[in-house]
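One structure follows; several queries about it will come next.
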Amino acid sequence: MTTTAGTTTAGTTTAGTAVAEPVRSDRTAALADRLRRAVGTERVLTDRTQVRTYECDGLANFKVTPAIVVLAESRQHVVDTVRLCAEAGVPFVARGSGTGLSGGALPSADGVLLVLSRLRTLSPVDADNRQVTVEPGVINLWVTRDAAPHDLAYAPDPSSQLVCSIGGNVAENAGGAHCLKYGFTVNHVLGAEVVLPDGEVVHLGGRAPEHPGYDLLGAFIGSEGTLGVATELTLRLIRVPEAVQTMLVGYSSVEDAAGTVSDIIAAGILPAAVEMMDALAIEAAEAAVSCGYPEGAVAVLVIELDGPRVEVEAQFAQVEEIARARNAFETRIAADDAERALMWKGRKSAFAAVGRISPSYFVQDGVIPRTKLPEVLTEMKRMADEKGLRVANVFHAGDGNLHPLVLFDDAVEGQAHEAEELAGDILELCVTSGGSITGEHGVGSEKRMKMAKQFTPEDLDTMQLLRCAFDPDGIANPGKVFPTPRLCGERPGVRKGEHPVQAAGLGEVF
Amino acid sequence: MTEITPGSHDQGDAPPPGSPGASPNVGPVRDSVADLPAGAPTGAVRAADEAPSAVVGARRPLDIGQDIDLPAGTGAATVGTSTLLGLPSTRQAVQPAFDDHHPPDPALIGDCVHCGFCLPTCPTYVLWGEEMDSPRGRIYLMKEALEGEPLDDSMVRHFDQCLGCMACVTACPSGVQYDKLIEATRPQIERRYQRSRAEKFYRDLIYNLFPYPRRLRALRGPLRAYQASRLGSLLTRTGLMSKLPGPLMAMESLAPKLGPVERVPERTPAAGQRRAVVGLLAGCVQGTFFPDVNAATVRVLAAEGCDVITPRRQGCCGALPGHGGREEQALDFAKRTIETFEQAGVDYVVVNAAGCGSNIKEYGHQLRDEPEWAERAEALARKSRDISEFIVEMGPVAERHPLPMTVAYQDACHLAHAQGIREEPRKLLRGIPGVELKQIAEAELCCGSAGTYNMLQPEPARELGERKAAAVLATGADLMVTANPGCWMQVATTLARMGKRMPVAHTVQVLDASIRGVPVEDLLERALTGPGTALARAATSDG
Ligand SMILES: Cc1cc2nc3c(=O)[nH]c(=O)nc-3n(C[C@H](O)[C@H](O)[C@H](O)COP(=O)(O)OP(=O)(O)OC[C@H]3O[C@@H](n4cnc5c(N)ncnc54)[C@H](O)[C@@H]3O)c2cc1C
Ligand code: SF4
Ligand code: SF4
């Protein structure tokens, strides 16, 4: 549809001040006026000072100032906003808490940023059916907090769980330390109410555990905001396990530690979490929080088992056995919650702590088949040595999700560049080892160019077909996930004239 | 492909041309100010995993078993409205936003990795769920200002709306010093931004009144008369109260019940063996509205073996004006306080008001530019202790008599977040036989008092006050204990307004009662109706 050219000039609009109005196109100016009428003046931001605070998410080196920010407070606000965007052919980007690490919530310059952080109501927990229905802006940890009195919990536990939103988790298919046993977000969402990019409200999945037909819910989860906006989610809750046991194991070689991980799983044991740290990461954590990890360890594993008490106890003995067979020189079992907390503290502080042993570092997020751990780590070390750089490793070893930290000193000329190259090479190593370019942080803006490394053009075109089925006009979070922005095939008679995105030189029709 | 320190977005993959961000319709995003350190210490994930122990802030009838109804729509929206305090905006754009006199430090701004871990503990984010009213957003606004954006009405509004509660400092895994940043920003606003006549008048009134004990005392007479006359109740009943301007209404509603002043002697000898000579900071608001607290502090200190010096001629320590960005006034007060305690010749300076304590501990930083003062300021800061911190450090010796009761201890932000003192008061309270502590839900969330905040921003302060009051009530405790006059007034008056009065006391009053063997009924009675408590006034100025 064509848009009416607005004539709003700075200062004549209702909000903000005369001075700091961002330069906007007629198209977005007119849209802003319509949005104000639809959702209320106080929920539409165009004031430059204010909208600039929405320029970036957790990946702060990508910045785009949105033309308009809408603070939705109800599903109707979302529907109205999306519909008006669709009518005007203006792109929109959903945003939850803005903690994403791949620039997924990076705004469109000539578009609307649809903020969902005010949609934060939780329905009462349905303890009998172990479910809860929440709005998308609800923070991950609140779900577990509400479920706790019923002895229930929400399993996906990203490290950012105290701030990231359920909507953002669903969009990124977020994971956490306990995903090895419990799975990612996709395994814990039963149903979603979604506003499609044309403003239509649909329900994917439902309250029942299984649904006939295509798994559209599965397709939506992890789609990074490119298929629509979730306005309500029904989540599965798990029973809090009867027993939890945590152990810390020290090794003299990375290969032995990695081997232990494979052996445990080969033995049919599924730990709740298996986390690994190498010598550099241990050194950093020790410096930061004195977690008392085994002295002289080249690698440590933090292994957590949970479940019925008898089972946990039996398997724990088995794990100890396996570790010993792999030359573990020290095995410590947490006697109480305080000791358990200390073990986790070391692991959890590791990222922040690396800042203590290096002026700067890059964090990568890649996946490899678990069995390839020893050789990938060896190869990574060789690549780092070649460049004279150090790589610290902290990772979810159980599911092969690596977070290599490439250390460098930005005071040394060219080292940042070298480090960046190495970080890129490591990702390619993950792909050639049969893994993937992201474990849990998503593709977003950051890794879209890397998609071409992992997928053939045919693969990407096929994905694009799915996207087009949901969003033929390409207005939902454009420019993310795919290496080059493309438009969906023309459908005769629907659109007149040149597509606005194409006209703006933002995309090509294919 | 890589995570780089914010402020160095010239590194990494720049989005290719043709991607969003390249639109000609929007001014290009300005490159960061050159002096933000490039690529400096961390990547976004530096903050990973270090989660604060608890999380607060679900917006819905709280999960604490009470039924206050927060309005749907997450409280007052702060966007798009052109007024502040019911006062018109000024439509200014000061450029550059900051002058050279200690603008917010770009290096400190660079420490923020934009991870958002501070959002859920920020009271204004809890209320409004918008980025500009979150710590991360406010730091971003400072960055914008350093990069050349003007200091305009909306920027000032979002800084003004910050309570200065420092919950974000506690929450931040990257150690961002937001306290230093906001303290550098406020004086810039006061210096460079012209507030509207009405707002300026109101601010002048506050800052020319509260920090001056003598003026405050002069106010006590008329205020007591006013309270005795029940004029307040009359105004409320007739609805006239709601006709007062918002700020005045807020001021009126906060005044606690005044009683006769218990004089604190200039020198009080230690009971038994002397262990230290300490000076007591009397505080301006504390000393005037809560003289009982000072008297109790002196008794407790003496009982624990201290000679207590309470210098006669002491005034405000500078906390109130400092918080409001009135730097000159604050520094004057600081110097006066330093002199006073230097002359007193004490080993320690003990403070019983959290806001004053955190301010004095910052003296060294505040006076760093003045060579003749810097050293002395630092010396006083080193000597200063909160009363609970001090007693725990010394090791309590005086015998405690039982006080069988349940206590809800409310962390004052300037004790818990600004000074990191959480365990000490709890330890002292637990040390009293019979005292059982109750946990308050959302303990780290500010009650909305925040120095002069409840006078300057009555709306959000009221919402936060109700949230806190409800959480305190839900504990079912016999007594609420806190360590700051502001929190006391805020919560007590809110409870009264909700028709749910409750006994409130300072930590040191409970210790005093225990040491002196005061029966628990007497303590609770005095904490309900004695001086400093809220006036009984049913559902008033809730407009
Ligand atoms: C310190 C730190 C640690 C982290 N640790 C982990 C970790 O352990 N595991 C992990 O998986 N991630 C982790 N992350 C990444 C991040 O927290 C997750 O990706 C999270 O799911 C993002 O949620 P958000 O609410 O912040 O979403 P945002 O960043 O606001 O948005 C993320 C994406 O979701 C889309 N989106 C948001 N809401 C909706 C909606 N309602 N409907 C449709 N699309 C929507 C956005 O368009 C965007 O593409 C970490 C981040 C940080 C900063
Ligand atoms: S202030 Fe700290 S917690 Fe908040 S966004 Fe910045 S780094 Fe994260
Ligand atoms: S000081 Fe308090 S109100 Fe201000 S930004 Fe920090 S948490 Fe929010």
Side-chain angles (χ1 to χ4, degrees), chain A residues 14-20 22-23 25 41-42 45 47 49-50 52-54 56 58-65 67 71 73 97-99 101 108-110 117-118 120-121 139 141-142 159 162-163 348-349 351-352 355 359-363 410 416 420 423-424 445-447 479 504-506, chain B residues 1-4 6 8-9 11-13 15 18-21 23 25-27 29 38-51 55 58-60 63 73-74 77 79-81 89 91 93 114-117 119-120 129-132 137 140-141 144 149-150 152-155 173-174:
Chain A
T14 19
T17 61
V19 260
V23 190
S25 66
T41 304
E42 71 282 8
L45 307 183
D47 177 89
T49 309
Q50 295 182 323
R52 280 204 55 193
T53 62
Y54 286 97
C56 54
L59 178 62
N61 53 327
F62 285 12
K63 294 184 174 70
V64 175
T65 312
L71 300 166
E73 275 172 44
S97 302
T99 69
L101 289 175
S108 282
D110 204 14
S117 54
R118 288 180 170 187
R120 39 184 168 170
T121 307
I139 287 175
L141 200 57
W142 296 353
S159 314
L162 67 101
V163 52
K348 296 209 164 192
S349 66
F351 277 5
S360 300
Y361 61 93
F362 290 144
V363 178
D410 43 1
E420 208 181 309
S445 311
E446 184 208 16
K447 287 186 178 161
L506 292 180
Chain B
M1 54 162 291
T2 45
E3 277 124 37
I4 308 173
S8 59
H9 56 272
Q11 299 181 30
D13 281 358
S19 67
S23 163
N25 294 319
V26 172
V29 179
T42 67
V45 194
R46 158 102 182 247
D49 316 61
E50 271 271 68
V55 75
R59 200 220 65 76
R60 73 204 145 97
D63 53 338
T74 58
V79 297
T81 50
S89 70
R91 300 196 159 243
H114 221 255
C115 67
F117 276 36
L119 303 194
E130 55 189 29
E131 193 70 22
M132 313 76 75
Y140 209 85
L141 289 174
E144 284 182 31
E149 294 287 351
D152 62 8
D153 289 352
S154 57
M155 204 181 271
S174 301

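Lettering follows sequence order; numbering is per chain, from 1.
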Worksheet item: For the residue pair B/Pro120 and A/Ile139, what are the closest heavy atoms and their distance?
Response: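 Heavy-atom minimum between the residues: CB-CD1, 4.1 Å.
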
Discussion item. Measuring from atom CG of B/Asp152 to atom CG of A/Asp47, what distance do you get when rounded to the nearest 0.5 angstrom?
Written reply: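 Reported to 0.5 Å precision, the distance equals 6.0 Å.
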
Discussion item. Quick check: do B/Met132 and A/Leu45 have side-chain heavy atoms less than 4.5 Å from each other?
Written reply: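 Yes, at least one pair of side-chain atoms sits under 4.5 Å.
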
Discussion item. If you compare all heavy atoms of A/Ser97 against all heavy atoms of B/Leu119, which two are closest, and at what distance to 0.1 Å?
Written reply: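 Nearest pair, atom of A/Ser97 first, then B/Leu119: O-CD1, 4.0 Å.
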
Discussion item. To check you understand the geometry: which heavy-atom pair defines the closest contact between A/Arg118 and B/Gly129, and what is its length?
Written reply: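 For A/Arg118 versus B/Gly129, the nearest heavy atoms are CG-O, 3.9 Å.
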
Worksheet item: Which pair of non-hydrogen atoms, one from A/Lys63 and one from B/Tyr140, has the smallest distance, and what is that distance?
Response: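 Between these two residues, the closest heavy atoms are CE-OH, 2.9 Å.
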
Item to complete: Check whether any side-chain heavy atom of A/Thr53 lies under 4.5 Å from a side-chain heavy atom of B/Glu144, and answer yes or no.
Response: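 A side-chain contact exists here, since the closest heavy-atom pair is under 4.5 Å.
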
